[in-house]
Novice: 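Below you'll find the structure I mean.
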Amino acid sequence: MSDTINSEIRFNIELDENRVPEKLTWTAQDGGVQAQDAKAIMLSIWDSKVKETMRIDLWTKDMPVDEMKIFFHQTLVAMADTFKRATDDEKMSDTMKDFCDYFAEKLELAK
């Protein structure tokens with residue numbers, strides 16, 4: 001019998017009276033993170049029973065639009081890297097990265 005290890009990642013969302021996020025923090029004790037501030041969170045969860053992705057996308061009302069653009073670009077680049085590791089499909093990963101370059105160019109993001 002193998003020993004299992006449990007790890008927990010926790011998000012705390014402080015909402016205003018209209019239920020709009022004002023403050024986001026996250027904790028991952030195994031990673032040495034304790035109540036770290038964040039301005040945005042994108043979380044995708046795969047439900048294999050219904051073959052659908054459930055998503056939680058949150059950002060604070062003071063998240064600057066220019067930072068949101070960078071956040072999206074970096075997330076897309078990370079998804080391309082993860083796709084390569086998960087599927088070993090280098091051709092599609094490269095295509096995704098080409099789109100990321102196009103995205104950055106159109107948004108005039110500095111490299």
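Everything numeric in this text was worked out from a predicted model, so none of it was measured.
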Novice: Is it true that atom CE of M92 has more than 12 heavy atoms of other residues, nucleotides or ligands lying nearer than 6.0 Å?
Specialist: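 Open: at most 12 neighbouring heavy atoms sit under 6.0 Å from CE of M92.
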
Novice: Hydrophobic cluster membership, with links at side-chain heavy-atom distances under 4.5 Å among I/L/V/M/F/W/Y: are V33 and F11 in one?
Specialist: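 Looking at the clustering, F11 is in the same group as V33.
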
Novice: Minimum heavy-atom separation for S93 to A80, with atom names?
Specialist: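 Answer, listing the atom of S93 first, then A80: OG-O, 3.0 Å.
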
Novice: Do NZ/NE/NH1/NH2 and the carboxylate oxygens of K51 and D47 come within less than 4.0 Å?
Specialist: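 Result for this pair is no, no salt bridge flagged.
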
Novice: Which atom names give the shortest non-hydrogen contact between R55 and T53, and what distance separates them?
Specialist: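 For R55 versus T53, the nearest heavy atoms are CG-CG2, 3.9 Å.
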
Novice: Are V77 and I41 in one and the same hydrophobic cluster, where Ile, Leu, Val, Met, Phe, Trp and Tyr link if side-chain heavy atoms are under 4.5 Å apart?
Specialist: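 Each belongs to a different hydrophobic cluster.
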
Novice: Taking T75 for its side chain and F71 for its backbone only, find out whether a donor-acceptor pair lies under 3.5 Å.
Specialist: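 Present.
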
Novice: Is it the case that more than 12 heavy atoms not belonging to E22 sit under 6.0 Å from its CD atom?
Specialist: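 Correct, the count exceeds 12.
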
Novice: Is any side-chain N of the basic residue among D81 and K97 closer than 4.0 Å to the acidic one's carboxylate O?
Specialist: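 Salt bridge: yes.
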
Novice: Which pair of heavy atoms, one from H73 and one from A104, lies closest together, and at what distance?
Specialist: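 For H73 versus A104, the nearest heavy atoms are NE2-CB, 3.4 Å.
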
Novice: Answer whether the closest heavy-atom distance between the side chains of D62 and K39 falls below 4.5 Å.
Specialist: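 Side chain of D62 against side chain of K39, heavy atoms only: contact under 4.5 Å found.
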
Novice: Could you give the distance from CD1 (I13) to OG1 (T60), rounded to the nearest 0.5 Å?
Specialist: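 Going from the CD1 atom of I13 to the OG1 atom of T60 covers 11.5 Å.
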
Novice: Do T27 side-chain atoms and A35 backbone N/O form a donor-acceptor pair below 3.5 Å?
Specialist: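 Checking the backbone N and O of A35 against the side chain of T27, a donor-acceptor pair under 3.5 Å is found.
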
Novice: Does atom CD1 of I9 have more than 12 heavy-atom neighbours, drawn from other residues, nucleotides or ligands, at distances under 6.0 Å?
Specialist: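 No - once you tally the heavy atoms of other residues, nucleotides and ligands closer than 6.0 Å, there are 12 at most.
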
Novice: Taking atom CE of M63 as the centre, report whether more than 12 heavy atoms of other residues, nucleotides or ligands fall under 6.0 Å from it.
Specialist: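 Above 12, so yes.
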
Novice: Should the heavy atoms of other residues, nucleotides or ligands under 6.0 Å from CZ of F83 be counted, would the total exceed 12?
Specialist: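 For F83, atom CZ is crowded (more than 12 foreign heavy atoms under 6.0 Å).
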
Novice: How long is the gap from CG on D30 to CD1 on I5, to the nearest 0.5 Å?
Specialist: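 Here the rounded value is 8.5 Å.
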
Novice: Same hydrophobic cluster for M54 and W46, using side-chain heavy-atom links shorter than 4.5 Å among ILVMFWY?
Specialist: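 No; tracing contacts between hydrophobic side chains, which count when under 4.5 Å, never links both residues.
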
Novice: Check whether any side-chain heavy atom of K23 lies under 4.5 Å from a side-chain heavy atom of T25, and answer yes or no.
Specialist: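 Yes, close enough: below the 4.5 Å cut-off.
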
Novice: Nearest 0.5 Å, please: how far is CG in D101 from CE in M96?
Specialist: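 These two atoms lie 12.5 Å from each other.
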
Novice: Under the 3.5 angstrom rule, does the side chain of D16 hit a backbone N or O of N18 as a donor-acceptor pair?
Specialist: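 Here the side-chain-to-backbone pair exists.
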
Novice: If hydrophobic clusters are built from ILVMFWY residues whose side chains come within less than 4.5 Å, do L109 and F72 share one?
Specialist: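 Yes; F72 is reachable from L109 via cluster members.
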
Novice: Please assess T82 against R85 for the test side chain to side chain contact (heavy atoms under 4.5 Å, CB included), listing each intermediate value before the final yes or no.
Specialist: CA-CA 5 Å; T82 301; R85 284 194 324 272; 3.6 Å; yes

Novice: Verify the cluster assignment for V50 and I56: are they in a single hydrophobic cluster under the rule of side-chain heavy atoms below 4.5 Å apart?
Specialist: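 Cluster IDs for V50 and I56 differ.
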
